[in-house]
J.: 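Sharing a structure below in structure tokens format, with a few things to ask.
Bear in mind that the values here come from a model prediction, so they are computed numbers and not experimental data.
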Amino acid sequence: MKRKRGEIQFNQLEEEEAATATSAINTTANDMNIVWQTPANPPLRDDYICLNGRRHVKPYYFEFICHVKNRWAGKTIVDMFSEEFKGRNHDYYVRAVKCGRIQVDGKNVSIYYRVKPSEKISHFVHRHEPPVMAWDVSVLQEEEDVVTICKPASVPVHPCGQYRKNTVVGILEAEHGLAPLFPIHRLDRLVSGLLILARSSSKADAFRQQIEAGLVKKLYIAKVVGVFPEGEQVVDVNVNYDAREGRSTVEVGDDAVNVKLKGKTASTKFKRINTNGDYSIVFCEPFTGRTHQIRVHLQYAGHPIANDMLYLGKSVGRRSTEGKSADRVAAQLRDSISSKTSENNDQPEEEFFTDFDRDPLCTHCPNLAPTGYDGLEEGLWLHCIRYTGPDWTYECPYPDWAKLD
């Protein structure tokens, strides 16, 4: 088959760049003694660094894997990454492809390479995890097939998003040697309190069957704004979670208008424990398990959680336009408000730590935290205190903020 001159030149360019890429990645790997990690690598105690009240993870090399979706097909490898993974800029992806940090089916490719459906894409990165608060993950009870812990706020339960080692499961494995563990229920990252983990998949399934059958009762405690009414208050209002914006809203039906509600049915019972006139401590018993259910139901009742910037006001910022989680935007708003009222908070504390290999291609180095992370995210005043099943009960101590002066 005859090929045009332009096609020959283009193919030669691809071959030259691929050869250069192979040479570059081999040189970089040899010079830096890179050890690539996968999810199979267990977290170790030495992976963590505590500075200025935060728990950091030493940056490490990691292979992210994805497969080309149909809607990505036909795009150049650089355009695909620039459009679909906006955490890094276009120039970074050009350099990453050229030096072999981005590969297709295990091979180096040109920056002009157009991806095809189902191809395996590997992205080798110098991974920086966001910090969490440096509170202990304390073990409450350790049984043969169950472990219960008091989860600190700001720490995710298991690997998700940017978090892999800075998780409850990761910290328990690194610091307590507890693995494998199977969480049987979830707590949002900013929520603290009781977390039950099974030590086998069969025990976890038994717990989940009881939860799905409605045989398990959950009890939380919250610190809310204002004087919460006496007696039991039940909120039965649909909850509609917007995953794009990272927040929930309530939907109230109108008997006069026959419009089908989009949200899911949700019900929460509240009971005031005490109040000092400015704040109230409230028991929260959710009968359903919708995302942010307690938070948005308390907002609907007129008594939002007192430090929940996401549901205290209407102007928080949009996840879809800012590229951050709604809770992270809210935390940054809270921090900016606090800094204006604190005489000693003119300049945020910088976190310096030099005992890790800095990567010349990394967009986060030389900082420990990933670029763009500047929220303290100390956590919500919402705490899980009890789970009760047909023949078992597990409890967690009350948090310090539950004591009103």
J.: Is it the case that more than 12 heavy atoms not belonging to Tyr279 sit under 6.0 Å from its OH atom?
T.: no
J.: Hydrogens and angles aside, do Thr371 and His364 bring a side-chain donor and acceptor to less than 3.5 Å of each other?
T.: yes
J.: Has the side chain of His383 got a donor or acceptor atom that lies under 3.5 Å from a matching backbone atom of Pro397?
T.: yes
J.: To the nearest 0.5 Å, how far apart are CG in Leu219 and SG in Cys284?
T.: 8.0 Å
J.: Measure the shortest side-chain to side-chain distance between Leu187 and Val168 over non-hydrogen atoms and say whether it is less than 4.5 angstrom.
T.: no
J.: Is there a side-chain contact between Tyr60 and Asp47, using heavy atoms and a 4.5 Å cut-off?
T.: no
J.: Within the distance-only criterion (no hydrogens, no angle test), does the side chain of Asn276 pair as donor or acceptor with the backbone N or O of Asp278 below 3.5 angstrom?
T.: yes
J.: List in chain and number order the residues that pass ring-ring contact (aromatic ring centres under 6.0 Å, His included) with His126, two or more places apart in sequence or in another chain; answer none if no residue qualifies.
T.: Tyr61, His128
J.: Is a donor on one side and an acceptor on the other found under 3.5 Å between the side chain of Thr393 and the backbone of Thr388?
T.: no
J.: Can you tell me how far OH of Tyr92 sits from SG of Cys362, rounded to the nearest 0.5 angstrom?
T.: 7.5 Å
J.: Can you tell me if His185 uses its side chain to pair, donor with acceptor, with the backbone of Ile196 under 3.5 Å?
T.: yes
J.: Should Phe85 and His123 be marked as a ring pair (Phe, Tyr, Trp, His ring centres under 6.0 Å) after you check the CA-CA gap, both sets of side-chain angles, and the distance that decides it?
T.: CA-CA 11 Å; Phe85 303 96; His123 184 194; 7.8 Å; no
J.: Is there side-chain contact between Phe62 and Glu129, with at least one heavy-atom pair below 4.5 Å?
T.: no
J.: To the nearest 0.5 Å, how far apart are CZ in Phe207 and CG in Leu197?
T.: 10.0 Å
J.: Does atom NZ of Lys116 have more than 12 heavy-atom neighbours, drawn from other residues, nucleotides or ligands, at distances under 6.0 Å?
T.: yes
J.: Can we say Lys203 and Asp205 salt-bridge, meaning some charged N sits less than 4.0 Å from an Asp/Glu carboxylate O?
T.: no
J.: Could you check whether Glu83 pairs with Lys75 (Lys NZ or Arg NE/NH1/NH2 to Asp/Glu carboxylate O, under 4.0 Å)?
T.: yes
J.: What I want to find out is whether Glu175 reaches Arg55 closely enough, with some N-O distance under 4.0 Å, to be called a salt bridge.
T.: yes
J.: Determine whether a donor-acceptor pair (N or O, by modelled atom type, separation under 3.5 Å) exists between the side chain of Tyr48 and the backbone of Lys165.
T.: yes
J.: In sequence, state the C-alpha distance, the side-chain angles, and the governing distance for Leu310 and Arg295, and then conclude on side-chain contact (heavy atoms from CB on, under 4.5 Å).
T.: CA-CA 9 Å; Leu310 186 58; Arg295 297 166 69 179; 3.5 Å; yes
J.: Any idea which heavy atoms bring Val224 and Val282 closest together, and the distance?
T.: CG2-CG2, 3.8 Å
J.: Which value, rounded to the nearest 0.5 Å, describes the distance between His56 atom NE2 and Asn367 atom CG?
T.: 10.0 Å
J.: Side chains of Leu190 and Asp308, heavy atoms from C-beta outward: is any pair under 4.5 Å?
T.: no
J.: Using 4.0 Å as the upper bound for N to carboxylate O, is an ion pair formed by Arg199 and Glu142?
T.: yes
J.: Does Glu232 pair with Lys271 as a salt bridge, N-O distance under 4.0 Å?
T.: no
J.: Any chance you could lay out the salt bridge (Lys or Arg N to Asp or Glu O under 4.0 Å) test for Glu119 and Lys107, step after step, and finish with the verdict?
T.: CA-CA 11 Å; Glu119 284 182 320; Lys107 298 178 181 178; over 6 Å; no
J.: Using side-chain contact (heavy atoms from CB on, under 4.5 Å), reason through Phe283 and Ile273 one step at a time and then give a plain yes or no.
T.: CA-CA 7 Å; Phe283 279 139; Ile273 303 172; 3.5 Å; yes
J.: Which label fits Tyr93 and Phe81: parallel for a plane angle under 30°, tilted from 30 to 60°, or perpendicular past 60°?
T.: tilted
J.: So how far is it from Asp105 CG to Ile121 CD1, rounded to the nearest 0.5 Å?
T.: 7.0 Å
J.: Without swapping roles, check the side chain of Lys58 against the backbone of Ile49 for a donor-acceptor pair under 3.5 Å.
T.: no
J.: Can you confirm whether Thr76 sits close enough to Ser110 that some side-chain heavy atom of one is under 4.5 Å from a side-chain heavy atom of the other?
T.: no
J.: Do Lys218 and Cys384 come close enough that some side-chain heavy atom pair is under 4.5 Å?
T.: no
J.: Give the intermediate values and the outcome of side-chain contact (heavy atoms from CB on, under 4.5 Å) for residues Tyr398 and Lys403.
T.: CA-CA 9 Å; Tyr398 284 26; Lys403 301 170 186 175; over 6 Å; no
J.: Under 4.5 Å between any side-chain heavy atoms of Arg290 and Asn240, yes or no?
T.: no
J.: Would you say the side chain of Gln37 lies within less than 4.5 Å of the side chain of Arg127, judging by non-hydrogen atoms?
T.: no
J.: For the residue pair His297 and Phe270, categorise the inter-ring angle as parallel (less than 30°), tilted (30 to 60°) or perpendicular (more than 60°).
T.: perpendicular
J.: Could you walk me through whether Tyr163 and Val132 pass the side-chain contact (heavy atoms from CB on, under 4.5 Å) check?
T.: CA-CA 10 Å; Tyr163 301 90; Val132 299; 3.9 Å; yes
J.: Sub-3.5 Å donor-acceptor pair from the side chain of Asn307 to the main-chain atoms of Trp381, do we have one?
T.: yes
J.: Answer yes or no: is there a donor N or O on one side and an acceptor on the other, between the side chain of Thr288 and the main chain of Ser267, under 3.5 Å?
T.: yes
J.: Would you confirm whether Ser248, through its side chain, and His292, through its main-chain N or O, come within 3.5 Å as a donor-acceptor pair?
T.: no
J.: Is it true that a side-chain atom of Ser280 and a backbone atom of Thr275 form a donor plus acceptor pair closer than 3.5 Å?
T.: no
J.: From Ile111 CD1 over to Ile102 CD1, what is the distance, rounded to the nearest 0.5 angstrom?
T.: 11.5 Å
